[in-house]
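Here is the structure we will look at, set down as structure tokens.
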Amino acid sequence: MLRQNMSLDSVISPQLEAQSIKELERILSVQGSQAKLVGANGEQIIIPDSIYQVLLQIVHAMASGKAISIIPQKQELTTQQASELLNVSRPYLIKLLEQGDIHYIKVGSHRRVRFDDLMKYKQQRDIKRREGLKELTLFLQDEGFYDE
């Protein structure tokens, strides 16, 4: 059963599960096979492709040692949760909200940020960073900092 109060807690696989997760990744990566879910009572169901693709991404990330969080697109986050996802301080996030860089709503006196609005900002921020880094690299090349 799904929990109604979705938490943003990340899941990191314990070392004891590493071998099982690697084996699961290998099995899921086999081309042309249909994955099935088998219940405790032996009942089987083929896993739909959309769920299979998500499962494959999750298992691959966990096999690589990455932490996993699953958040519905319409999920509203607290400013603390949003700042943690962006890896910025909460006061800096609030500054971004007040400047209008990220859309938010107020629930009473509390600000809430929709997950998809936060991810849209993050994507735009990452594009700007890559462009800036590219410009800096070109400038440094022009100035001879990368001479062979």
Could you state the interatomic distance from OG1 (Thr79) to CZ (Arg90), rounded to the nearest 0.5 Å? 3.5 Å
Could you tell me whether Asn87 atom CG has more than 12 heavy atoms of other residues or ligands within 6.0 Å of it? no
Step by step, would you call Thr78 with Arg112 a side-chain contact (heavy atoms from CB on, under 4.5 Å)? CA-CA 5 Å; Thr78 66; Arg112 294 290 183 261; 3.9 Å; yes
Could you grab the distance from atom CD of Glu17 to atom CG of Leu24, nearest 0.5 Å is fine? 11.0 Å
What heavy-atom pair brings Tyr52 and Ser29 nearest, and what distance separates the two atoms? OH-N, 4.3 Å
Side-chain donor-acceptor pairs of residues 92-103 under 3.5 Å, sequence neighbours excluded:
residue : atom : partner : partner atom : Å
Glu98   : OE2  : Tyr104  : OH           : 3.4
Glu98   : OE2  : Arg111  : NE           : 2.9
Glu98   : OE2  : Arg111  : NH2          : 2.9
Gln99   : NE2  : Asp101  : OD2          : 2.8

State the CG-CG distance between Leu133 and Leu138, to the nearest 0.5 angstrom. 10.0 Å
Under the side chain to side chain donor-acceptor pair (under 3.5 Å) rule, what pairs show up with a residue in residues 121-133, not counting sequence neighbours? Lys122-Asp126
Co-membership, hydrophobic cluster, residues Val54 and Leu37, 4.5 Å side-chain: yes
With a 4.5 Å cut-off on side-chain heavy-atom distances among I, L, V, M, F, W and Y, is there a chain of contacts connecting Ile27 to Leu56? no
Going from CD1 on Ile105 to CZ on Arg114, what distance comes out if it is rounded to the nearest 0.5 angstrom? 8.5 Å
Should we say atom CD1 of Ile45 is surrounded by more than 12 heavy atoms from elsewhere, each under 6.0 Å from it? no
Distance, nearest 0.5 Å, that separates CD1 of Ile21 from CG of Leu28: 11.5 Å
Just verifying a value: how many Å separate Leu136 CG and Gln141 CD, rounded to the nearest 0.5 Å? 10.0 Å
Residue pairs, two or more places apart or on separate chains, that pass salt bridge (charged side-chain N to carboxylate O under 4.0 Å, His left out) and touch residues 21-33: Glu23-Arg26
